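Below: the structure, in structure tokens.
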Amino acid sequence: MEGTGGQVETSPISPVKEKDTAQPQQREENAQKNLDATIEVGQQPPGPPAEGPGVRPEAAASQTAENPQESEHPVAGLEGDSAKSHETAEHLPASNLWYCPDGSFVKKITVRGQGLDKPKLGSQCRVLALGFPFGSGMPEGWTELTIGMGQWRDRIWGELTEKCLESMCEGEEAEIRLPGCSTPLFKLRLDSFSKGRDSWELEALEKEALAREEHSRGTELFRAGDTQGAARCYGRALRLLLTLTPPRPPQLTVLYSNLAACQLLLGQPQLAAQSCDRVLEREPGHLKALYRRGVAQAALGNLEKASADLKKVLAVDPKNRAAQEELWKVVVREKKQDAGLARGLRKMFS
């Protein structure tokens, strides 16, 4: 029997700025830390990594797949009427601030766009991107970006850029900032874009094909060690498939399981447990989901629940070493808890 740790699954879907004096590397590290503390990923946006007790990433989420298949500082302004842009930025009303619904960034509109249309899935956008940190992997200057497609979306900077573009009108210029920060992370101008489609306009076969691509890319990133990028891909695939009318494809189970593996590695046991719940609702005997939920519950301090899940794994696969090790850790912690409680009671009644 295969191990039940962090292997991800790939089974197919059935067809149907102020001056910065720091060194470039330092700037990139600082910017990435700020983003990691703000931008969440996955099916539900995970919070900043915070290892919980009992989570051992190498045992919990680092094994192989089931069924394998960043300019140095922000620039002063954008191209165009720079004097007008600068003046507008200094006298912006509150209505020129747009807060991303998931709380990941704030957009300060310096030049308003035209019309009401915004890029959608498949829209090809001509963009002027300025101020990305050194080593971000994002383009600098004029570039073409397609919403919903391309590897530029894999990293956290790409995800942020895509969210921003989806909120912009043609000709709009904006500074992108973290909540509570006055210094722009980067600046964007959306020069033009082609017509795209909302997800509800896609046929079921199109959604499944896009989800297949996201799933495959997620597994590539997971194997390459980019856990956050993988989680973003799995999350995007899930969002596509969840819009399908029941019965939904079995791919959902695989994606939720893979996402749980990423969430454990990212130190997000609460989210991992929730993802495993979704798997076990569909497939109660799914060993990897039981194991991962057990590890997540141990990290959350729910030792009784952790023990129950791990024992279910061992009842089916008694030689599963990862489950044996995690259950042993839980038992040790339970004994320590009981001993501490006993000492407390003796003090109370002595």
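For clarity, every value in this text was computed on a predicted model and none was experimentally measured. As a basis for the values below, the full set of heavy atoms in this structure was taken, side chains included, without hydrogen atoms, waters or symmetry mates.
Panel note: side chain Ser194, backbone Gln124; a donor-acceptor pair is recorded below 3.5 Å. A donor-acceptor pair is defined here as one N or O able to donate and one able to accept, closer than 3.5 Å; no such pair exists between the side chain of Thr227 and the backbone of Cys262.
Annotation: side chain of Leu255 is in contact with side chain of His215 (closest heavy-atom distance under 4.5 Å). For the pair Thr161 and Trp152, the minimum side-chain heavy-atom distance is below 4.5 Å.
Arg189 has a carboxylate O that lies under 4.0 Å from a charged side-chain N of Asp191, or vice versa, which qualifies the two as a salt bridge.
Both Val313 and Val316 are members of a single hydrophobic cluster when ILVMFWY side chains are connected at heavy-atom separations under 4.5 Å.
With no hydrogens or angles considered, a side-chain donor-acceptor pair links Thr243 and Lys207 at under 3.5 Å. Between the side chains of Ser257 and Arg292, at least one donor N or O lies within less than 3.5 Å of an accepting N or O. Lys107 and Ser167 share a side-chain donor-acceptor pair at under 3.5 Å. Residues Gln263 and Ser275 bring a donor and an acceptor atom of their side chains to less than 3.5 Å of each other.
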(request) Could you give me the CA-CA distance, side-chain angles and deciding distance for Lys329 and Glu326, then say whether salt bridge (charged side-chain N to carboxylate O under 4.0 Å, His left out) is met? (result) CA-CA 5 Å; Lys329 291 178 185 179; Glu326 293 302 323; 3.6 Å; yes
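In this structure, Phe186 and Phe132 have parallel ring planes: the angle between them is below the 30° cut-off, well short of the 60° mark.
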